[in-house]
Amino acid sequence: SQDNRCTYFFDNPYTISRGTAGIRGNRSIESGIHYFEVLVKEPLYGTAVMIGYGTDQVNLHYENFDYVNLVGNDSNSWGLCHKGTCWHNGLSYSYCDPFFDKGTIIGVLL
């Protein structure tokens, strides 16, 4: 969004997704405790809506109809999928109930 506070998963209902894309925050984390929240403003759908942390080495774009768990796909990131699984280094484990609903708030603590 214009104020850098919102991300739109899929902003045009008349086109199809052709891959996976992500966003990166504009502040690096050096040390200490960090926390942020994500408010789900519309119902979630798709292969994997991921929320998490990653280094600047994380690939933020896959195309040619490659749909991947972007955050947690490699050793440079850790992510929570909207299906309730945590991911790191391409491996997952069940963490929470799936969250698809509008109004869900996800808190992330590092």
Side-chain angles (χ1 to χ4, degrees):
S1 66
Q2 296 273 349
D3 64 2
N4 292 325
R5 296 183 57 87
C6 291
T7 277
Y8 302 95
F9 171 62
F10 200 57
D11 64 352
N12 186 341
Y14 301 106
T15 61
I16 63 168
S17 174
R18 293 182 301 239
T20 303
I23 61 165
R24 180 177 287 126
N26 59 6
R27 294 184 190 174
S28 64
I29 296 173
E30 302 294 327
S31 64
I33 297 171
H34 300 271
Y35 179 81
F36 69 90
E37 291 181 343
V38 174
L39 169 62
V40 177
K41 296 186 87 167
E42 297 294 331
L44 298 176
Y45 63 93
T47 304
V49 176
M50 306 293 291
I51 299 167
Y53 280 95
T55 70
D56 60 358
Q57 301 302 308
V58 174
N59 185 358
L60 293 181
H61 191 252
Y62 288 81
E63 41 187 79
N64 299 322
F65 298 95
D66 285 335
Y67 304 104
V68 301
N69 295 328
L70 192 63
V71 182
N73 190 36
D74 60 22
S75 63
N76 293 304
S77 60
W78 298 259
L80 174 65
C81 178
H82 74 296
K83 296 176 182 175
T85 52
C86 276
W87 287 81
H88 174 65
N89 208 23
L91 302 173
S92 70
Y93 62 91
S94 181
Y95 182 75
C96 64
D97 290 335
F99 52 94
F100 301 97
D101 297 333
K102 175 181 177 179
T104 300
I105 298 174
I106 302 298
V108 181
L109 175 67
L110 175 67

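None of these values were measured; they are calculated from a predicted model.
No continuous path of hydrophobic side-chain contacts links Val38 to Phe100 [ILVMFWY only; heavy atoms under 4.5 Å].
Separating the OG1 atom in Thr104 from the CG atom in Asp97 is a distance of 11.0 Å, to the nearest 0.5 Å. Leu80 contributes atom CG, which lies 7.0 Å from atom CE of Met50 (distance to the nearest 0.5 angstrom).
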Starting from the C-alpha separation in whole Å, work towards a yes-or-no answer on side chain to side chain contact (heavy atoms under 4.5 Å, CB included) for Val108 and Leu110.
CA-CA 7 Å; Val108 181; Leu110 175 67; 5.7 Å; no
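When all heavy atoms of Asp101 and Val40 are compared, the pair lying nearest together is O-CG1, 3.6 Å.
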Per-pair distances, 0.1 Å, donor-acceptor, side chain in residues 87-96, under 3.5 Å, sequence neighbours excluded:
{"residue": "Trp87", "atom": "NE1", "partner": "Thr85", "partner atom": "OG1", "Å": "2.9"}
{"residue": "His88", "atom": "ND1", "partner": "Ser77", "partner atom": "O", "Å": "2.8"}
{"residue": "His88", "atom": "ND1", "partner": "Trp78", "partner atom": "NE1", "Å": "3.0"}
{"residue": "Asn89", "atom": "OD1", "partner": "Ser75", "partner atom": "N", "Å": "3.3"}

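Applying the ring pair (Phe, Tyr, Trp, His ring centres under 6.0 Å) rule to Tyr53 yields the partners Phe36; only residues at least two apart in sequence or on another chain are considered.
Within 6.0 Å of CD1 in Ile33 there are 12 or fewer heavy atoms belonging to other residues, nucleotides or ligands.
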